[in-house]
Chemist: 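Just dropping this structure here.
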Amino acid sequence: MFVYLTELFAMRVRDAGDGRPLGRPVDLIANAEEQYPPVIGLVVRRGRAPAFHVPWARVVALEKDAIVVAPGADAPGGPAAPEGALHVRRHVLDRQIIDTDGARVVRVNDVHLLRVDRELRLIHVDVGASGLFRRLGWLPVVNALARGLFDYRLREHLIAWKFVQPLGHVQRDGARQV
């Protein structure tokens, strides 16, 4: 099943034990060592409190409107994200990349993720207008207008993750890019 990063950011994170809300996800952390990086953690923030890291192994379920985590995952003093990990929002979202297929510079509007069992992997970046409208929450309205007025539906413009190399992130050999 596919899910978009912006859809995850709209969810709440809640405790599996008592159902209490822990906050909202503000970033995903991935292992950039693999061709299609697996998500290894998420950064959660509740209100104005400092954000804290929750390892992805503690995620019990992804529901329609919530990310359910194992009890005790809200400890702000818990383990930090691994050194050199890819922070998807910070390193990828809203960054400009070169689309070599279309020979132009494009902006990453969303990230397409694949969910298999309890694992989540970065599969594509969305550089089309549909990704931007999805982030703004306008995609259903824009699609309805385009379909009604022009018999047209916005298409996604996805670029496979294996063709994306985030700059300013730690490379596979450990050297820092500039």
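Position 1 is the first residue of the sequence; numbering continues from there. All values reported here derive from a predicted model rather than from experimental measurement.
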Chemist: Would a 4.5 Å heavy-atom cut-off, applied to side chains only, mark Phe52 and Val44 as touching?
Modeler: yes
Chemist: Do you reckon Leu5 sits in the same ILVMFWY cluster as Val125, going by side-chain contacts under 4.5 Å, direct or chained?
Modeler: yes
Chemist: Would you give me the side-chain donor-acceptor pairs under 3.5 Å for residues 59-72, sequence neighbours excluded?
Modeler:
{"residue": "Glu63", "atom": "OE1", "partner": "Arg14", "partner atom": "NH2", "Å": "2.4"}
{"residue": "Glu63", "atom": "OE2", "partner": "Arg14", "partner atom": "NH2", "Å": "3.1"}

Chemist: I'd like to know if the side chain of Asp15 and the backbone of Arg20 have a donor-acceptor N/O pair within less than 3.5 Å.
Modeler: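 Checked: no pair found.
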Chemist: Cluster question for you: counting only ILVMFWY and a side-chain heavy-atom cut-off of under 4.5 Å, with indirect links fine, are Ile97 and Ile123 together?
Modeler: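 Ile97 clusters together with Ile123.
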Chemist: Are Trp161 and Val92 side-chain neighbours, meaning at least one heavy-atom pair lies under 4.5 Å?
Modeler: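 Yes. Closest side-chain heavy atoms under 4.5 Å.
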Chemist: Is any side-chain heavy atom of Leu28 closer than 4.5 Å to one of Leu122?
Modeler: no
Chemist: With a 6.0 Å cut-off (strictly less than), is the heavy-atom count around CZ of Arg12, excluding the residue itself, greater than 12?
Modeler: no
Chemist: Where is the tightest heavy-atom contact between His157 and Asp126, given as atom of each residue plus distance?
Modeler: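 Shortest heavy-atom separation between His157 and Asp126 comes out as O-OD1, 3.3 Å.
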Chemist: Indicate, with yes or no, if Leu113 and Met1 share a hydrophobic cluster defined by side-chain heavy-atom contacts under 4.5 Å among Ile, Leu, Val, Met, Phe, Trp and Tyr.
Modeler: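 The answer is no; the residues belong to distinct hydrophobic clusters.
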Chemist: Between atom CD of Glu33 and atom CG of Leu86, what is the distance when rounded to the nearest 0.5 Å?
Modeler: 10.5 Å
Chemist: Residues in ring-ring contact (aromatic ring centres under 6.0 Å, His included) with Phe9, at least two apart?
Modeler: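 Applying ring-ring contact (aromatic ring centres under 6.0 Å, His included) to Phe9 gives none.
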Chemist: With sequence neighbours left out, what residues match Arg90 under side-chain contact (heavy atoms from CB on, under 4.5 Å)?
Modeler: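 Testing Arg90 for side-chain contact (heavy atoms from CB on, under 4.5 Å), a comparison that skips the adjacent residues, returns Asp27, His87.
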Chemist: Is there a continuous path of hydrophobic side-chain contacts, each under 4.5 Å between heavy atoms, that joins Leu158 to Val108?
Modeler: no
Chemist: Check whether Asn31 reaches the backbone of Ile40 with its side chain - one donor and one acceptor, N or O, closer than 3.5 Å.
Modeler: no
Chemist: Would you please classify the geometry between the His124 ring and the Phe2 ring as parallel, tilted or perpendicular, with 30° and 60° separating the classes?
Modeler: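 Aromatic pair Phe2/His124 classed tilted.
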Chemist: Between Arg24 (side chain only) and Ala10 (backbone N and O only), is there a donor and an acceptor less than 3.5 Å apart?
Modeler: yes
Chemist: Please report the closest heavy-atom contact between Glu119 and Pro38, naming both atoms and the distance.
Modeler: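 Nearest heavy atoms, Glu119 then Pro38: OE2-CB, 4.4 Å.
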Chemist: In Å and rounded to the nearest 0.5 Å, what is the CG to CG distance from Leu8 to Leu120?
Modeler: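 CG of Leu120 is found 6.0 Å from CG of Leu8.
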Chemist: Measuring only between side-chain heavy atoms, which start at C-beta, is Val26 closer than 4.5 Å to Arg89?
Modeler: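 Side-chain contact under 4.5 Å: yes.
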Chemist: What about Ile29 and Val3, same hydrophobic cluster or not, with Ile/Leu/Val/Met/Phe/Trp/Tyr joined at side-chain heavy-atom distances under 4.5 Å?
Modeler: no
Chemist: Taking the side chain as every heavy atom from C-beta outward, state whether Tyr36 and Lys162 have any atom pair closer than 4.5 Å.
Modeler: yes
